[in-house]
Asks: 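Before we start, here is the structure in question, set down as C-alpha cells.
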Amino acid sequence: RLDFIKMGDLTFRTPDHEKYPSMKIAYAAGRAGGTMTGVLSAANEQAVEAFLQEKIGYLDIFKHVEQACEAHQNDLVTAPTLEDIVHYDQWARDFVAEQTSKVIA
C-alpha cells in the first residue's frame with residue numbers, strides 16, 4: 001500500500017513537451033472540448049492496436065493521433081449528443097485504421 005507519509009517530499013516539474021509531445025495535444029483536446037477528447041482517445045486506442053499488430057512503430061502512435069485530431073478540427077461538435085460522441089469515436093478509429101494500413105513499420 002502506498003504511504004505518502006513514508007515517501008517524504010514529492011517534487012513536480014514543468015512537463016517536458018519535447019520529450020512528451022502527446023501531452024501538448026491532450027491539453028489542446030481538453031481545451032477544445034466537445035468531441036475532440038473522444039476523438040483523441042479513440043485515435044490513440046486504434047494507433048496502439050496498430051502498434052501491437054506491428055503495423056506502425058511506437059513513436060508513430062503520436063503522429064497518427066495528432067493527424068486524427070487535426071482532421072477533426074473542422075467537424076468539432078462543442079455540445080455533442082450521445083450519437084455525436086459514438087459517431088466521432090468510430091470516425092477516429094476508421095481514420096487511424098486507414099492511415100495505419102498504408103504504413104509499414
Asks: For the CG atom on L2, are there more than 12 heavy atoms of other groups (residues, nucleotides or ligands in this structure) within a distance under 6.0 Å?
Replies: yes
Asks: Counting only heavy atoms from other residues, nucleotides and ligands, does the tally under 6.0 Å from CD of E70 exceed 12?
Replies: yes
Asks: May I ask whether F51 and V65 are part of the same hydrophobic cluster, defined by side-chain heavy atoms of I, L, V, M, F, W, Y residues being less than 4.5 angstrom apart, directly or through others?
Replies: yes
Asks: For T78, give me all partners under side-chain hydrogen bond (donor to acceptor under 3.5 Å, both in side chains), at least two apart in sequence or on another chain.
Replies: none
Asks: Are Y20 and I25 joined in one hydrophobic group, where the rule is that I, L, V, M, F, W and Y side chains link up if heavy atoms are under 4.5 Å apart?
Replies: no
Asks: Count the heavy atoms of every other residue, nucleotide or ligand shown that sit under 6.0 Å from CG of D3, and state whether that count exceeds 12.
Replies: yes
Asks: Taking the side chain as C-beta and beyond, is there a heavy-atom pair between F95 and Q67 under 4.5 Å?
Replies: yes
Asks: Are H72 and L76 packed together at the side-chain level, in the sense that at least one heavy-atom pair is separated by less than 4.5 angstrom?
Replies: yes
Asks: Between CE of M36 and CG of D75, what distance do you get to the nearest 0.5 Å?
Replies: 9.5 Å
Asks: Any pair with a residue in residues 36-52 that passes salt bridge (Lys or Arg N to Asp or Glu O under 4.0 Å), sequence neighbours left out, goes on the list, sorted by first then second residue, please.
Replies: E45-R93
Asks: For the OG1 atom of T35 and the CH2 atom of W91, what is their distance to the nearest 0.5 Å?
Replies: 9.0 Å
Asks: Go through the side-chain N and O atoms of S41 and N44 and say whether any donor and acceptor fall under 3.5 Å apart.
Replies: no
Asks: Check P80 against G34 and note the closest heavy-atom contact, atom names and distance.
Replies: CD-CA, 3.9 Å
Asks: Grab the two heavy atoms, one from T37 and one from A29, that are nearest each other, plus how far apart they are.
Replies: CG2-O, 3.5 Å
Asks: Under 3.5 Å, side chain of D89 to main-chain N/O of V86, donor-acceptor pair present?
Replies: no
Asks: Identify the heavy atoms of V96 and H64 that sit nearest to each other, and give their distance.
Replies: CG2-O, 4.0 Å
Asks: Which one of H17, R13, K19 satisfies the side chain to side chain contact (heavy atoms under 4.5 Å, CB included) criterion with P15?
Replies: H17
Asks: What distance do I85 atom CD1 and Q90 atom CD have between them, rounded to the nearest 0.5 Å?
Replies: 14.5 Å
Asks: Can you name the nearest heavy-atom pair linking A43 to A92, along with the distance?
Replies: N-CB, 4.0 Å
Asks: What's the spacing between I61 CD1 and T100 OG1 if we round to 0.5 Å?
Replies: 11.0 Å
Asks: Measuring from atom NZ of K55 to atom NZ of K102, what distance do you get when rounded to the nearest 0.5 angstrom?
Replies: 13.5 Å
Asks: Given the rule that I, L, V, M, F, W and Y join up when any side-chain heavy atoms are under 4.5 Å apart, are L82 and Y88 in one cluster?
Replies: no
Asks: Assigning hydrophobic clusters by single linkage (Ile, Leu, Val, Met, Phe, Trp, Tyr; side-chain heavy-atom cutoff under 4.5 Å), is V48 placed with I56?
Replies: yes
Asks: Taking L59 as the starting point, is it possible to reach M23 by hopping between hydrophobic residues whose side chains are less than 4.5 Å apart?
Replies: no
